[in-house]
Structures are given as C-alpha cells and as structure tokens.
Amino acid sequence: MELTEVTKFRRAVLTGIAKFTWSGNLPEHVYDILYNTVTEDTPRVRCCVHKERAVLKNRIDMALGLQTGINIVDASKKALAEPLDRTLPVIDVLPEACDQCPIDKFLVTDACRHCVAHKCINKCPRKAISIYQNRAYIDKTKCVECGICKKSCPFGAIIEVSRPCERSCVLGAITAGADRKAKIDFNKCVQCGACRSACPFGAIDERSAIVQVIKEIKAGKQVYALLAPSFVGQLGLKVTPAQVVAALMKAGFAAVKEVAIGADLTACREAKELMEKVPSEQKYMTSSCCPSFVNMIKKHVPAAESKISQTVSPMVACGRYVKELNPEAVTVFIGPCIAKKAEAYANLDAIDYAMTFEEMSCLLAGADIEADKMQVDEFNSEASLYGISFPVTCGVKSAVVNALGDEGKNLKTHYASGLERCLTEVKQLEDGKLDCEYFEGMACDRGCMDGPGSMVDYNIVNMLLKKYAAASPQKNVCDDSEAAKVLGKVNLDVK
C-alpha cells in the first residue's frame with residue numbers, strides 16, 4: 001500500500017483509538033487524537049486546520065465503526081458500550097472529505113483546430129457544440145455526456161474527465177449526487193475497496209471493529225486470530241511468521257490459526273463439489289473464495305449465480321474449524337481484504353470480526369508491541385503448500401486440481417483477476433464463448449495479495465509467500481495437512 005498522507009491519517013486514527021481502548025480511557029482522550037494528529041504546525045492538505053479536523057472527525061467515527069457526524073466523545077462511548085453495528089455498510093463516503101470534484105465530463109482542449117468538417121458539431125445529438133473564438137465549445141446545459149463528440153474528433157481534442165472514484169469502480173456503483181458529492185449505490189457495490197484506494201482526498205473509508213476486538217480481549221474472551229496466508233512480511237520484511245504470531249499472542253489473543261487451513265478445507269470440498277456438478281448438472285462452476293467476485297456475479301451477472309460454488313470461503317471454513325475446536329472462541333479474521341468484513345457479517349456462525357493487516361498493525365502499535373523485537377522459535381505451518389498458496393496467481397484452481405488428483409489432469413480451468421476482467425469473462429462464460437469448467441475469479445487486480453488492506457508491496461509479499469509455502473512439509477491438500485484430519489467434521493456448505 002502506498003504511504004500517502006491519507007494513509008498516515010488513517011493509521012494515526014486507528015493507532016490512537018487502539019492505544020486509548022487498551023488503556024481504558026478512550027472517551028477521555030479521543031480529542032487527543034484529533035488535536036495531536038492535526039495541529040497548527042502540521043502540513044496542511046486542506047484549506048485550514050478546521051476543515052482538516054472536521055474530516056478527521058468523520059474518520060474517527062468510521063474507525064469506531066459508526067455513522068459519520070456523531071460527536072466523537074459520544075461515538076467512543078457508544079462503541080465501547082454497544083455491539084458492532086453490522087447494519088452499516090463497510091465502505092462509505094466521508095461527507096466532510098469529499099472535494100465535490102467537477103462533473104463536466106467532456107472538455108475541449110487546446111488541440112482543437114477549428115477544422116472545416118466540424119464532425120463534433122455534426123455528430124452531437126443535442127446540438128450542444130458550437131464554435132467560439134476559433135475553437136469548439138460545449139454547452140453544459142445541453143450536453144448529456146454521451147461521448148460521441150470525443151469519438152468523432154479526428155484530432156482527439158475532446159477529452160473525457162472522470163472522478164477517480166467513479167473511474168475506479170467498473171461496476172458503476174459510484175456517481176455524483178446533486179450536491180456533487182460521491183454517492184455509493186449499495187445495490188451495485190461489492191465492497192472491494194477500489195474506490196477507497198483511488199480517491200486522492202481520502203473521502204472514502206472503511207468501518208473498523210478495532211475497538212470491539214480489543215474489548216473482547218480485555219474481557220478475557222478466548223479470542224482467536226485467523227491470519228490470511230499473505231500475512232508474511234506485513235509487519236516488516238525481516239519479521240518472521242513466528243514473530244507475527246508471538247506479537248498477537250502478547251496482545252492477548254488466545255491462539256493464532258492460519259486461514260490456509262481453511263483454504264485446504266475449501267479446496268478439498270470444492271473439488272468434490274466440482275466433480276458432482278460438472279458437467280452432469282451444469283457446464284461450469286466458479287470459485288467462491290473472493291466475496292467481491294461472488295457478489296459481482298450475484299448483482300451484475302445473475303444468470304450465472306447458480307454456477308457459484310456452494311463451498312464456503314477459506315475464511316469461513318477456518319472460522320467453523322476453530323468453532324468446532326472451541327465453541328467459546330471469538331474469531332477475528334485478519335487479511336488484506338475489506339470485503340471480508342461484509343462477508344463476516346453474513347457468516348456470524350463462523351466469524352465474529354474481520355480486520356485488515358493495516359488494522360492489525362495499528363492494534364499492536366496501540367499496545368506498544370513491536371513484532372521485530374519478539375524472541376521466538378520458528379513457526380511451523382499446519383497448512384499445505386497449496387493452501388498457503390491460495391493468494392498467488394491461479395492459487396485456488398491449482399489447489400483444486402491438486403485435490404482432484406488424476407481426475408484433475410484434463411480439467412479446463414480459467415483465471416481472472418480485477419473486476420473488469422472478471423465481469424467480462426464471466427459474461428463470456430455464461431454466453432458459451434469461453435471454454436471452461438472451473439473459473440477462478442479475484443476482484444483485486446493481482447489477486448488477494450493486492451488487496452487494499454495490505455501493508456506491503458505486492459511483489460515483495462508474492463516472493464515471501466512463495467518461499468513460505470515451499471517450506472511447508474505438507475505438500476498435498478487432502479492428504480497430509482491439518483485439514484485432512486478434520487475434513488468431514490466441519491460443515492463447509494454455504495448457508
């Protein structure tokens with residue numbers, strides 16, 4: 001993740017909230033976060049210190065998991081006293097932060113030659129273009145932003161300007177409201193977080209459960225940290241997996257389990273489901289690991305919904321595995337994905353809370369725990385090479401093929417990452433234009449490791465994860481992994 005000013009503000013807020021929640025005096029010190037993060041002397045990214053703090057108040061409300069616009073002292077008391085409000089969307093717009101970007105979508109540049117053909121004028125269906133001072137002029141009161149003028153100009157002198165948030169959302173879930181502020185259509189949104197990363201003003205953020213997780217730990221609950229496979233390297237390139245585990249245990253987690261165990265369970269169950277359904281019942285089946293990909297199909301290609309695997313994701317599989325081991329466990333997924341928070345809301349039988357790696361880092365920083373200072377023995381994974389490799393390119397289908405054994409040798413598979421490509425190719429698949437029996441889809445452009453909640457560059461995590469996976473003594477998904485011991489004891493069906 002790029003360390004921008006927006007990222008610094010978000011981490012300062014999360015770390016401050018964690019610090020005062022750990023110390024038990026959040027309401028008394030929540031304004032310290034506001035006034036210490038933005039002072040008269042700190043670099044200004046907005047017009048004045050008052051605007052800066054107004055935006056920061058919105059960010060504090062989001063970090064507390066609440067609606068924006070609440071007094072932050074009242075909000076902190078509410079977060080401490082009440083359960084997490086799961087009726088609110090995970091991703092939302094910070095009203096004070098949105099810059100109300102201009103919405104004049106098509107602009108005539110200095111490249112306009114005032115040509116004789118006037119193709120832009122002749123092609124415009126609303127007669128919105130005229131010539132003024134020897135260049136084309138677009139009358140915004142008539143323009144319907146169809147884009148024909150841009151396509152017709154032989155010089156390419158008309159350009160299309162779109163908001164970064166709108167441009168990042170290939171599903172069209174973000175538009176400008178009447179007040180020019182960004183609005184999210186949650187009937188289209190799949191909570192992938194691309195808009196949060198794209199907005200240069202930090203006007204879109206995610207709600208956090210960091211207060212609730214710390215509350216559960218302080219209450220003496222048996223809180224389990226479920227680490228997504230790409231946790232390696234997230235707290236520093238030299239921080240070992242064993243040190244990450246030790247840091248979480250020092251923070252008060254009762255145990256740490258790898259979601260890669262859930263990945264092994266998912267791969268075994270999904271392989272069995274694939275053999276049962278394809279081609280006897282349906283022509284193809286898609287993966288179900290990525291919640292944004294799954295919701296993209298449900299909301300934007302409903303004809304393909306019946307082809308989604310009915311095996312739960314590795315996160316849910318791991319949560320159910322832990323609940324089977326310990327019914328009193330409070331499960332906290334930790335990974336690079338924002339959409340997992342929404343998936344957790346829908347699977348409370350397995351996952352109580354979901355956090356990003358960024359939130360994990362802030363939770364530890366708030367407790368003054370430094371992972372690189374942990375003195376520990378080496379950590380041995382209980383998951384297979386394939387389970388650990390789920391986040392790498394084609395990782396899911398490779399695990400499924402491994403689980404199938406000889407039956408998987410001739411399986412026709414396909415991989416797509418990035419929602420735009422996923423949307424296009426699922427439609428092709430449904431229309432019979434793509435020859436495939438098993439389709440693995442990942443919403444983020446380079447798969448899970450490229451998620452918005454990651455702390456480290458994709459290429460570094462990719463290298464470290466492959467090295468970590470190769471070191472696993474368990475080489476086959478369904479034979480010698482921890483998952484093999486509990487397969488059949490854990491319900492892996494989507495409810």
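Because the structure is a prediction, the values reported are computed rather than measured.
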*Is there a donor-acceptor contact under 3.5 Å from the side chain of Asn462 to the main chain of Tyr458?*
no
*Would you call Asp352 and Lys323 a salt bridge, using N to O less than 4.0 angstrom?*
yes
*Just wondering, are more than 12 heavy atoms of other shown residues or ligands nearer than 6.0 Å to NZ in Lys467?*
no
_Are Lys307 and Ile297 packed together at the side-chain level, in the sense that at least one heavy-atom pair is separated by less than 4.5 angstrom?_
no
*Establish, for the pair Arg86 and Tyr353, whether the NZ or CZ atom is under 6.0 angstrom from the six-membered ring centre and no further than 45 degrees off its axis.*
yes
*Going by distance alone, is a donor N or O of one side chain under 3.5 Å from an acceptor N or O of the other, for Ser417 and Arg446?*
no
*side chain to side chain donor-acceptor pair (under 3.5 Å) between Glu166 and Thr175: does it pass, once the steps are laid out?*
CA-CA 6 Å; Glu166 288 184 20; Thr175 56; over 6 Å; no
_Neighbour count above 12 (heavy atom, 6.0 Å) for Lys277 NZ_ = yes
*Asp372 and Gln243: side-chain donor and acceptor closer than 3.5 Å?*
no
*Any idea which heavy atoms bring Ile351 and Gly319 closest together, and the distance?*
CD1-CA, 3.9 Å
*asked:* Does any part of the side chain of Phe293, heavy atoms only, come nearer than 4.5 Å to the side chain of Glu440, both counted from C-beta?
replied: no
*To the nearest 0.5 Å, how far apart are CD in Glu358 and CZ in Arg11?*
4.5 Å
*CA sep, side-chain torsions, deciding dist, call: Gln282, Ser306, side chain to side chain donor-acceptor pair (under 3.5 Å)*: CA-CA 9 Å; Gln282 57 196 58; Ser306 62; 5.7 Å; no
*Do you see a donor-acceptor pair shorter than 3.5 Å between the side chains of Tyr386 and Gln474?*
no
*Locate the shortest heavy-atom distance separating Pro89 from Asp92; write the atom from each residue and the value.*
CG-OD2, 3.7 Å
*Where is the tightest heavy-atom contact between Leu265 and Ala317, given as atom of each residue plus distance?*
CD1-O, 4.1 Å
*With distance as the sole test, does Glu437 use its side chain to make a donor-acceptor pair with the main-chain N or O of Tyr284 at under 3.5 Å?*
no
*For the pair Arg207 (side chain) and Leu88 (backbone), establish whether a donor and an acceptor sit closer than 3.5 Å, ignoring hydrogens and angles.*
no
_Distance in Å, His300 NE2 paired with Lys188 NZ, rounded so as to fall on 0.5 Å steps_ = 7.5 Å
*Which heavy-atom pair separates Lys257 from Leu325 by the least distance, and what is that distance?*
CE-CD1, 4.2 Å
*Atom CD of Glu276: over 12 foreign heavy atoms under 6.0 Å*: yes
*asked:* When you measure from the side chain of Asn295 to the backbone of Pro291, do you find a donor-acceptor pair of N or O atoms at a distance under 3.5 Å?
replied: yes
*Pair Arg10-Val6, side-chain contact (heavy atoms from CB on, under 4.5 Å): steps then yes or no*: CA-CA 6 Å; Arg10 184 170 58 249; Val6 171; 3.9 Å; yes
_Donor-acceptor contact below 3.5 Å, side chain Asn402 vs main chain Val477_ = yes
*Min side-chain heavy-atom separation Leu227-Val256 under 4.5 Å*: yes
*Do Gln310 and Ser288 have side-chain N/O donor and acceptor atoms under 3.5 Å apart?*
no
*Are the side chain of Thr356 and the backbone N or O of Cys337 linked by a donor-acceptor pair below 3.5 Å?*
no
*Do Ser361 and Leu235 have side-chain heavy atoms sitting under 4.5 Å apart?*
yes
*Looking at side-chain heavy atoms only, is the closest gap between Ile204 and Leu94 below 4.5 Å?*
no
_Main chain of Tyr224, side chain of Thr331: is a donor-acceptor contact present, judged purely on distance under 3.5 Å?_
no
*So, do Lys409 and Leu404 sit near enough that their side-chain heavy atoms are less than 4.5 Å apart?*
no
*Answer yes or no for Cys268 and Cys478: SG-SG distance under 2.5 Å.*
yes
*Do Trp22 side-chain atoms and Ile17 backbone N/O form a donor-acceptor pair below 3.5 Å?*
no
*Check the surroundings of atom CD in Glu328: do more than 12 heavy atoms from other residues, nucleotides or ligands lie under 6.0 Å from it?*
no
_Under a plain distance cut-off of 3.5 Å, with no hydrogens placed, do Thr68 and Asn58 share a side-chain donor-acceptor pair?_
no
_Non-hydrogen atoms of Leu84 and Ser208 that approach each other most closely_ = CD1-O, 4.0 Å
*asked:* What I'd like to find out is whether the side chain of Ser309 reaches to under 4.5 Å of the side chain of Ser287, using heavy atoms alone.
replied: no
_Heavy-atom closest contact (Gly387 atom, Ser384 atom, distance)_ = N-OG, 3.0 Å
*Salt-bridged, Glu430 to Lys427, with N to O below 4.0 Å?*
no
*How many angstroms lie between CZ in Phe186 and CD1 in Ile184, if you round to the nearest 0.5 Å?*
4.5 Å
_Please determine whether a side-chain nitrogen of the Lys or Arg among Asp205 and Arg59 lies less than 4.0 Å from a carboxylate oxygen of the Asp or Glu._
yes
*With side chain to side chain donor-acceptor pair (under 3.5 Å) as the test, would you mind laying out the steps for Gln222 and Asn326 before giving the verdict?*
CA-CA 9 Å; Gln222 298 178 55; Asn326 181 0; 2.7 Å; yes
*Approximate separation, where rounding is to 0.5 Å, of Leu248 CG and Leu363 CG*: 8.0 Å
*Interatomic spacing from OG1 in Thr286 to NE2 in His414 - rounded to 0.5 Å*: 12.5 Å
*Candidate list Arg269, Lys272, Arg320, test salt bridge (charged side-chain N to carboxylate O under 4.0 Å, His left out), partner Asp493, passing option*: Arg269
*Donor-acceptor pair, side chain of Lys181 and main chain of Pro95, under 3.5 angstrom*: yes
*Is the closest basic N to carboxylate O distance between Glu359 and Lys341 below 4.0 Å?*
yes
*What is the distance from atom CD of Gln234 to atom CE of Met449, rounded to the nearest 0.5 Å?*
10.0 Å
*Say whether Gln191 and Ser292, considering side chains only, have a donor N or O and an acceptor N or O under 3.5 Å apart.*
no
_Other residues, nucleotides and ligands only: do more than 12 of their heavy atoms fall within 6.0 Å of CD on Gln428?_
yes
*So, are Glu216 and Lys221 salt-bridged, with charged N and O less than 4.0 Å apart?*
yes
*Is a side-chain N or O of Ser454 found less than 3.5 angstrom from the main chain of Gly451, in a donor-acceptor match?*
no
*Minimum side-chain heavy-atom gap Cys98-Phe201 below 4.5 Å*: no
_Counting only heavy atoms not in Lys299 (residues, nucleotides, ligands), do more than 12 fall under 6.0 Å from its NZ?_
yes
_With a 6.0 Å cut-off (strictly less than), is the heavy-atom count around CG of Asn410, excluding the residue itself, greater than 12?_
no
